[in-house]
Asks: 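Quick one: structure below, then a few questions.
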Amino acid sequence: MSFVDTRTKRAGLDLLGSELSVLFRRRRTWAMLAAVALIPILLAVALRLSSETVEPGEGPPFLDRVTQNGLFVSFTAMVVAIPLFLPLTIGVVAGDTIAGEASLGTLRYLLVSPAGRIRLLLVKYAGAAAFCLVATLTLIVAGALIGALLFPVGPVTLLSGDVISVPESVWRSVLVACYVSVSLLGMCAIGLFISTLTSVPVGAMAATVVVSVISQILGVLPQLAWLHPWLFTHHWLGFAGLLSQPLDASAFGDNALLQAGYILVFGALAYGRFATKDILS
């Protein structure tokens, strides 16, 4: 490897480290993570203080099992958070990737050689993807902790009726978090593209969230059943196979393939726009 290649690679790693450092040192980022963590906490506290018994089929999936096993708090909170709360936080991070730098006037400095536009896009996308994983893990961990504090904890009965141990249920929870993180990668790519279209970060954030809402609305219309498999939100709640025995990861692969398609398409659109963007304007 030549000296130039080594220098370029190091510059890319330094830029990624700087991006992650800036992202996770922001008060806004920690505020959003705290809001995500509050979802399972509020859910668990409400159930603990309630004098009414939740019947099977009432409320979100797994809600009736929470009082018998606190480990179900994480799964229930994940189902509650996926349609709106997680997309809202992801929309804020992804929409701010390029538009935020343009608004602050720092975009031109980030493109100083040897950091090029492709590398900057990749780093910005990697930062948004990292936030996806941290947000979902935050929800899972907060749910497990508050569930263990307020309710009994023991072997978990899966959707298939099989019973697994507590350590294995923790492993399944991590798999669910990874599944949901992958589910949000397509939305990150869409947000990155939208962020290249404007220098107003709030507008990019709002547009990204609106796109996710529209996709979910289209996904429940039976008249558009032919379109559903192509929507990036189609597999968002498809992690039931991870809570069955034997473990069925087929939906994981289908979801990853769909998200990869969105990443390629909107990543290319983002580059096409960003490559011709006048950063001096």
Side-chain angles (χ1 to χ4, degrees), residues 36 39-40 43 54-66 72-92 94-95 132 135-136 139-140 143 157-161 172-173 175-194 197 204-269:
V36 169
I39 297 172
L43 176 66
V54 179
E55 298 296 331
E58 290 184 353
F62 313 113
L63 186 64
D64 59 298
R65 305 187 187 189
V66 169
F72 280 103
V73 172
S74 297
F75 300 134
T76 305
M78 187 66 77
V79 175
V80 171
I82 285 175
L84 179 60
F85 296 104
L86 282 176
L88 183 62
T89 60
I90 301 306
V92 170
C132 289
T136 54
L139 191 149
I140 288 290
T157 302
L158 298 174
L159 297 178
S160 59
R172 298 291 182 106
S173 299
L175 287 179
V176 170
C178 292
Y179 178 94
V180 176
S181 298
V182 170
S183 300
L184 296 168
L185 293 182
M187 181 180 175
C188 285
I190 294 173
L192 179 68
F193 167 62
I194 295 176
L197 301 177
M205 297 173 190
T208 304
V209 175
V210 168
V211 168
S212 74
V213 172
I214 292 175
S215 180
Q216 292 181 77
I217 293 174
L218 296 177
V220 299
L221 297 178
Q223 296 84 355
L224 298 176
W226 59 271
L227 180 63
H228 294 173
W230 302 97
L231 299 173
F232 68 93
T233 56
H234 181 62
H235 294 290
W236 275 12
L237 294 172
F239 52 82
L242 302 178
L243 301 177
S244 300
Q245 191 76 353
L247 188 147
D248 183 7
S250 59
F252 207 128
D254 294 339
N255 183 30
L257 184 61
L258 177 64
Q259 302 307 322
Y262 273 88
I263 293 171
L264 289 175
V265 171
F266 284 93
L269 290 174

Asks: Carefully, step by step, assess Val79 and Leu63 under the rule side chain to side chain contact (heavy atoms under 4.5 Å, CB included).
Replies: CA-CA 10 Å; Val79 175; Leu63 186 64; over 6 Å; no
Asks: Just verifying a value: how many Å separate Leu43 CG and Ser74 OG, rounded to the nearest 0.5 Å?
Replies: 10.0 Å
Asks: So which atom in Pro83 and which in Pro87 form the shortest heavy-atom distance, rounded to 0.1 Å?
Replies: O-CG, 3.6 Å
Asks: Nearest 0.5 Å, what's the CG-OH distance between Leu269 and Tyr262?
Replies: 12.0 Å
Asks: Provide the closest heavy-atom pair for Arg172 versus Ser244 in the form atom of the first, atom of the second, distance.
Replies: NH1-O, 2.8 Å
Asks: Would you name the heavy atoms of His235 and Ser183 that are closest together and state the gap between them?
Replies: O-OG, 4.1 Å
Asks: Apply side chain to side chain contact (heavy atoms under 4.5 Å, CB included) to residues Asp248 and Leu242 and explain how you reach the verdict.
Replies: CA-CA 6 Å; Asp248 183 7; Leu242 302 178; over 6 Å; no
Asks: Check Ala94 against Cys188 and note the closest heavy-atom contact, atom names and distance.
Replies: CB-O, 3.9 Å
Asks: Do the side chain of Gln245 and the main chain of Gly161 share a donor and acceptor less than 3.5 angstrom apart?
Replies: no
Asks: Which is it for Leu258 and Asp254 under the side chain to side chain contact (heavy atoms under 4.5 Å, CB included) test, yes or no, and what are the steps along the way?
Replies: CA-CA 6 Å; Leu258 177 64; Asp254 294 339; over 6 Å; no
Asks: Quick one: does any side-chain atom of Thr89 pair with a main-chain N or O of Leu86 as donor and acceptor, under 3.5 Å?
Replies: yes
Asks: Nearest 0.5 Å, please: how far is CG in Leu218 from OG1 in Thr233?
Replies: 8.0 Å
Asks: Of the non-hydrogen atoms in His228 and Val220, which two are nearest, and what is the gap between them?
Replies: NE2-N, 4.3 Å
Asks: How long is the straight-line distance from CG of Asn255 back to CG of Leu185, given to the nearest 0.5 Å?
Replies: 8.5 Å
Asks: Nearest heavy-atom pair of Val209 and Gly91: which atoms, and what distance?
Replies: CG2-CA, 4.0 Å
Asks: Show your working on side chain to side chain contact (heavy atoms under 4.5 Å, CB included) between Met78 and Ile82 and close with a plain yes or no.
Replies: CA-CA 6 Å; Met78 187 66 77; Ile82 285 175; 3.9 Å; yes
Asks: Find the distance between CH2 (Trp236) and OG (Ser215) and round it off to the nearest 0.5 Å.
Replies: 7.0 Å
Asks: For the atom pair CD1 (Ile140) and OG1 (Thr136), what is the distance rounded to the nearest 0.5 Å?
Replies: 7.5 Å
Asks: Within a strict 4.5 Å, meaning less than it, do heavy atoms of the Leu139 and Val180 side chains meet?
Replies: no
